[in-house]
There are 2 protein chains.
Amino acid sequence: MSESRAKPRESYHHGDLRRVIIQTAEAMLAEGQGWQFTLREVARRAGVSHAAPYKHFPDKASLLAELSMRGFDRLREVLTEAVGANPRSVREALLRGARAYVRFGIDNPALYRLMFSTEACQDEDLHLSERAMAPLAVVIALLQRGQQEGVFRLRPLEGLAAACWAQVHGLTLLSIDGLLLPQKVGEAPVEAALAALLEGLATGPA
Amino acid sequence: MSESRAKPRESYHHGDLRRVIIQTAEAMLAEGQGWQFTLREVARRAGVSHAAPYKHFPDKASLLAELSMRGFDRLREVLTEAVGANPRSVREALLRGARAYVRFGIDNPALYRLMFSTEACQDEDLHLSERAMAPLAVVIALLQRGQQEGVFRLRPLEGLAAACWAQVHGLTLLSIDGLLLPQKVGEAPVEAALAALLEGLATGPA
DNA sequence: ACCTGAACACCGTTCAAGT
DNA sequence: ACCTGAACACCGTTCAAGT
């Protein structure tokens with residue numbers, strides 16, 4: 001029913017073409033292996049001329065930057081929900097957050113790669129480091145709480161956060177690339193790596 | 001003296017054009033932010049027509065695959081040297097290997113990204129997973145030795161290796177992206193993360 | 001056996017012109 | 001204010017023809 005491609009006509013002026021372009025691009029990102037899709041193809045599927053997108057984005061990089069930013073927003077939402085859902089223990093919350101993070105990447109491989117690509121943060125207002133801060137803030141808050149409760153070692157937050165982020169970032173990308181043989185979260189390698197991470201953070205013996 | 005671009009002539013037939021193309025492409029990879037360089041530009045700098053490279057590589061993806069493979073070879077060399085140099089203790093060896101790994105990525109950002117890119121492992125004989133095995137074997141051997149010596153926890157090697165690899169892979173990419181504020185290896189966040197990793201592996205308390 | 005030149009289909013981007 | 005059509009410069013790739 002809801003044909004999203006090639007809307008016949010809405011009085012020549014498309015209305016909210018910007019949104020349609022973003023949604024179409026997101027769909028093509030989800031379908032393909034990367035962001036090699038063509039701006040002309042996006043326009044085609046949106047039912048407009050190939051020059052129309054340029055009225056809403058200065059160039060392709062800007063569209064990609066927009067997709068990247070939206071990706072970071074979704075990731076932050078996923079993380080805060082996963083962490084906030086069941087605050088039984090800090091360990092548990094961190095583990096849930098980590099699993100949600102990896103799953104997000106596995107479910108959106110092309111988007112996740114784009115978010116950390118140099119092609120998506122050219123001269124935009126928001127640099128990559130600023131965008132990534134929001135999700136990072138979630139894990140830092142958790143680490144702080146863990147230290148206050150005495151279950152995490154008292155080390156500089158900077159380093160602990162780096163260890164956590166690097167671990168989930170690495171696990172996510174290796175999973176996407178199919179380099180950790182069982183690809184689903186909850187399977188052996190990912191879980192084992194997360195367990196090792198927690199053991200490295202913990203004060204007591206596991 | 002050794003002008004590597006635009007050799008005047010070597011009797012029309014270039015001789016070892018294949019090598020020159022690879023070297024030129026590697027230079028452009030090192031100069032730029034990625035592998036968006038153009039095959040025509042490579043040919044231009046190699047002093048041949050834009051069609052000449054197609055006599056040595058079926059397409060651009062094949063050239064990129066070659067660069068990626070050579071990257072994995074260099075990484076394996078760097079790792080084995082770093083690990084084998086001073087085998088005082090397994091901990092020390094693992095730490096040296098990890099530092100060498102991260103430094104390799106920081107020193108060759110575009111190459112390192114290419115190595116784990118989907119664009120560099122299309123339908124080549126060697127899939128990404130097979131290429132990555134050689135460097136991974138180095139760390140697995142180290143973990144095994146650590147377990148035999150009783151300094152590393154007795155967990156399935158699969159999981160421990162995943163934890164190590166994900167940690168250095170993540171640290172490398174975050175460093176490349178400038179997301180761990182001090183960018184040089186040996187600085188706080190990277191060292192802290194590696195310390196946490198080792199604490200997670202160790203049997204005794206640090 | 002190895003390289004060149006012209007040619008093809010396709011892109012990103014621009015801009016005067018339409019509604 | 002928003003979209004179109006033609007145009008420009010450039011790519012990846014192919015292929016008949018040159019050496």
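In what follows, chains carry the letters A, B, and so on, assigned in the order in which the sequence lines appear, proteins first and then strands, with residues in each chain numbered from 1.
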B:Asp59 CG to D:dT14 P, straight-line distance once rounded to whole Å: 8 Å
Non-hydrogen atoms of B:Leu171 and B:Val102 that approach each other most closely: CB-CG2, 4.3 Å
B:Glu26 and B:Arg74 ion-paired at < 4.0 Å: no
5'-most by nearest nucleotide on DNA chain D - B:Lys60 or A:His56: A:His56
Check: A:Leu64 main-chain N/O paired with A:Ser68 side-chain donor or acceptor under 3.5 Å: no
Touch class at under 4.0 angstrom, heavy-atom based, for B:Lys55 against every strand present: base
Salt-bridge present (B:Arg76, B:Asp73; N to O < 4.0 Å): yes
For A:Ala163 against A:Leu197, the heavy-atom pair lying closest together: O-CD1, 4.0 Å
Distance test, side-chain N/O of A:Thr38 to OP1/OP2 of C:dG12, below 4.0 Å: yes
Atom-to-atom span, CD of B:Gln36 to C1' of D:dG12 - whole angstrom: 15 Å
Length of the line joining B:Leu17:CG and C:dT4:C1', which is rounded to integer Å: 13 Å
Nearest-Å distance for atom pair CZ/P, residues A:Arg18 and D:dC3: 12 Å
Check against side-chain contact (heavy atoms from CB on, under 4.5 Å), B:Leu111 and B:Phe104: CA-CA 10 Å; B:Leu111 173 60; B:Phe104 176 86; 4.1 Å; yes
Criterion side-chain contact (heavy atoms from CB on, under 4.5 Å) on B:Leu179 and A:Trp165, from CA distance to verdict: CA-CA 10 Å; B:Leu179 262 26; A:Trp165 194 13; 3.7 Å; yes
A:Arg44 side-chain N/O to C:dC10 phosphate OP1/OP2 under 4.0 Å: no
A:Glu81 atom CD, neighbour heavy-atom count above 12 within 6.0 Å: no
Separation of C:dC8 C1' from B:Tyr54 OH (nearest whole Å): 13 Å
Euclidean distance, A:Leu142 CG relative to A:Arg96 CZ, rounded to 0.5 Å: 12.0 Å
Nucleotide C:dC10, atom P - distance to CZ of A:Phe37 in whole Å: 19 Å
Atom pairs under 3.5 Å: protein N/O with N/O of nucleotides 5-7 of chain D:
from  : atom 1 : to      : atom 2 : distance (Å)
D:dA6 : N6     : A:His50 : NE2    : 3.1

For atom CG of B:Leu39 and atom P of D:dC10, their distance in whole Å: 17 Å
Nearest-angstrom distance from the residue atom CG of B:Leu64 to P of D:dC11: 16 Å
Contiguous pairing runs of three or more, Watson-Crick or G-U under 3.5 Å, that involve DNA chain C: C:4-8 with D:12-16, C:12-16 with D:4-8
